[in-house]
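Here is the structure we will look at.
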Amino acid sequence: MYKITSTAPGRICLFGDHQDYLKLPIIACAINRYIKLDAIENGNDFFEIYLPDLNDKLNLPLIIDKYDIVKNDFLRSGLKVVYDLGIKPNKGFSVTINSKIPINGGLSSSSAFTIVWINFLISAYAPDYDLDSSRLVNLAYNAEVKEHNSSGGKMDHNTIVFGNTIYLDTKSNKVFPLKKIGLELVVGVSGQKKNTLSTISHIKDKTEKSLKSLKNKFTNFNINDVNEESIEKIIQMV
């Protein structure tokens, strides 16, 4: 039987958290905790999805209607972005997804989940498709963010796909590996759940309102030109 395995790491942000959607620079790194997807042909015309970490199991049609996508359903939105490439599933798989990345722990488990799913779909149904790193980043971003009208940028997807430690120029979406940085970090897991999407949306909304207020007060204000000296001047004038 045809079997496919796909893995992706979690990530932590070292510099610039909540800055990617502001087109500001990011430094982030992948961690050695992974989501792993194992898929094997099942002879059916649907996916059997097993999610042991959530104690959940579901059957998913090979072909879905775009209106079937609900909030945070990255399985269906992943299928949707693959459909948009002209790739259509034609055989069923039994898919098991296990995570060593804490769920809702702020380590990008949802992005890693989306990436392993899309990587599997293209490997299974379009093995000749040129799925380079940049394309995988964009597909995962579209499935996780754009299809759900969510907040957030591409930091998570770039870090997970490219791995190691990266500098991300969010203006151009160019990734610069920082391979010479020898980081030895310990990630502590508190066990407390984090509503990541709600947090990002709240922070983004507050940030955009603050920037709008500054631009109304200071005509020439540009966040990309802010430095220590300009901050002091702004504080004195507010």
Side-chain angles (χ1 to χ4, degrees), residues 6-31 34-35 37 64 66 68-87 97 99 101 103-123 125-126 129-177 194-205 207-208:
S6 178
T7 61
R11 75 94 192 97
I12 57 173
C13 182
L14 303 175
F15 172 81
D17 210 3
H18 298 290
Q19 287 192 172
D20 48 353
Y21 49 76
L22 297 175
K23 302 300 181 185
L24 293 173
I26 299 293
I27 297 176
C29 71
I31 62 174
Y34 299 85
I35 278 183
L37 180 152
I64 61 160
K66 64 180 180 179
D68 288 340
I69 299 173
V70 297
K71 195 70 172 176
N72 301 337
D73 185 346
F74 304 125
L75 292 170
R76 283 179 168 81
S77 61
L79 277 170
K80 166 67 165 51
V81 299
V82 170
Y83 292 169
D84 289 345
L85 297 175
I87 299 169
I97 305 176
S99 179
I101 306 170
I103 298 170
N104 294 325
L107 296 173
S108 296
S109 60
S110 62
S111 298
F113 180 97
T114 306
I115 286 165
V116 296
W117 174 239
I118 291 174
N119 187 54
F120 151 68
L121 291 172
I122 293 180
S123 298
Y125 302 111
Y129 179 81
D130 184 15
L131 185 63
D132 62 18
S133 296
S134 295
R135 287 193 180 96
L136 181 54
V137 166
N138 289 330
L139 288 170
Y141 172 77
N142 290 343
E144 187 179 4
V145 179
K146 293 186 73 174
E147 289 293 334
H148 297 277
N149 294 315
S150 298
S151 302
K154 295 182 179 179
M155 173 182 68
D156 298 352
H157 312 92
N158 274 296
T159 309
I160 291 168
V161 170
F162 283 92
N164 296 312
T165 306
I166 65 164
Y167 169 84
L168 174 62
D169 179 351
T170 56
K171 288 183 182 178
S172 63
N173 199 42
K174 289 185 178 179
V175 174
F176 301 91
K194 175 185 176 184
N195 190 334
T196 305
L197 292 176
S198 177
T199 300
I200 293 174
S201 178
H202 174 75
I203 293 175
K204 183 178 181 180
D205 180 63
T207 301
E208 289 178 340

Checklist entry - For the atom pair OH (Y141) and CD1 (I115), what is the distance rounded to the nearest 0.5 Å? => result 13.5 Å
Next on the checklist: Restricting to non-hydrogen atoms, name the atom on A140 and the atom on T114 that form the minimum distance, rounded to 0.1 Å.
Outcome noted: O-CG2, 3.9 Å
Checklist outcome for this item: CG of D156 to OG of S110, rounded to nearest 0.5 Å, is 7.0 Å
Next on the checklist: My understanding is that only residues two or more places apart in sequence, or in another chain, count here; which of them pass side chain to side chain donor-acceptor pair (under 3.5 Å) with N142?
Outcome noted: none
Checklist entry - What are the two closest heavy atoms between I118 and G78, and how far apart are they? => result CG1-CA, 4.1 Å
Checklist entry - Can you find a pair of side-chain heavy atoms, one from S134 and one from F162, that are under 4.5 Å apart? => result yes
Next on the checklist: Assess, by modelled atom type and distance only, whether the side chains of E144 and S77 contain a donor and an acceptor separated by less than 3.5 Å.
Outcome noted: no
Next on the checklist: Any donor-acceptor pair under 3.5 Å linking the side-chain atoms of S150 with those of K71?
Outcome noted: yes
Item to check | From CA spacing to verdict: side-chain contact (heavy atoms from CB on, under 4.5 Å), I12, L107 | outcome: CA-CA 6 Å; I12 57 173; L107 296 173; 3.4 Å; yes
Item to check | Atom pair OG (S111) and NZ (K154), whose distance is rounded to the nearest 0.5 Å | outcome: 12.5 Å
Checklist outcome for this item: When every non-hydrogen atom of A143 is compared with those of H148, the smallest separation belongs to O-CD2, 3.0 Å
Next on the checklist: Given M155, which partner from the list I27, I26, I160 fulfils the side chain to side chain contact (heavy atoms under 4.5 Å, CB included) test?
Outcome noted: I26
Checklist entry - Is K174 salt-bridged to D169, going by a charged N under 4.0 Å from an acidic O? => result no
Checklist entry - For N138 and N173, what are the C-alpha separation, side-chain angles and deciding distance, and is it a side-chain contact (heavy atoms from CB on, under 4.5 Å)? => result CA-CA 10 Å; N138 289 330; N173 199 42; 4.1 Å; yes
Item to check | L75 side chain near F113 side chain, heavy-atom distance below 4.5 Å | outcome: yes
Item to check | Atom pair CD1/CG of I122 and L139 - distance to nearest 0.5 Å | outcome: 5.0 Å
Next on the checklist: Going by ring-ring contact (aromatic ring centres under 6.0 Å, His included), name the residues that satisfy it together with F120, two or more places apart in sequence or in a different chain.
Outcome noted: F93, W117
Next on the checklist: Could you measure the distance from the CG atom of L85 to the CD1 atom of I87? Nearest 0.5 Å is fine.
Outcome noted: 4.5 Å
Checklist entry - Any donor-acceptor pair under 3.5 Å linking the side chain of R135 with the backbone of D130? => result yes
Checklist entry - Is the closest side-chain heavy-atom distance between V145 and H157 below 4.5 Å? => result yes
Next on the checklist: For the backbone of I64 and the side chain of Y83, can you confirm whether one donor and one acceptor N or O come within less than 3.5 Å of each other?
Outcome noted: yes
Checklist entry - Does the T159 side chain pair with the main chain of C29, one donor and one acceptor, at a distance under 3.5 Å? => result no
Item to check | Smallest separation among heavy atoms of I101 and A112, with atom names | outcome: CD1-CB, 3.8 Å
Checklist entry - Where do I31 and R11 land on the side-chain contact (heavy atoms from CB on, under 4.5 Å) test, with the steps shown first? => result CA-CA 5 Å; I31 62 174; R11 75 94 192 97; 5.9 Å; no
Checklist entry - Got I69 and K80 here, is their nearest side-chain heavy-atom distance under 4.5 Å? => result yes
Checklist entry - Any idea which heavy atoms bring S109 and I35 closest together, and the distance? => result O-CD1, 3.3 Å
Checklist entry - Say you draw a straight line from CG of L168 to CZ of F15; how long is it, rounded to the nearest 0.5 Å? => result 12.0 Å
Next on the checklist: Minimum heavy-atom separation for L37 and V116, please, with both atom names.
Outcome noted: CD1-O, 3.9 Å
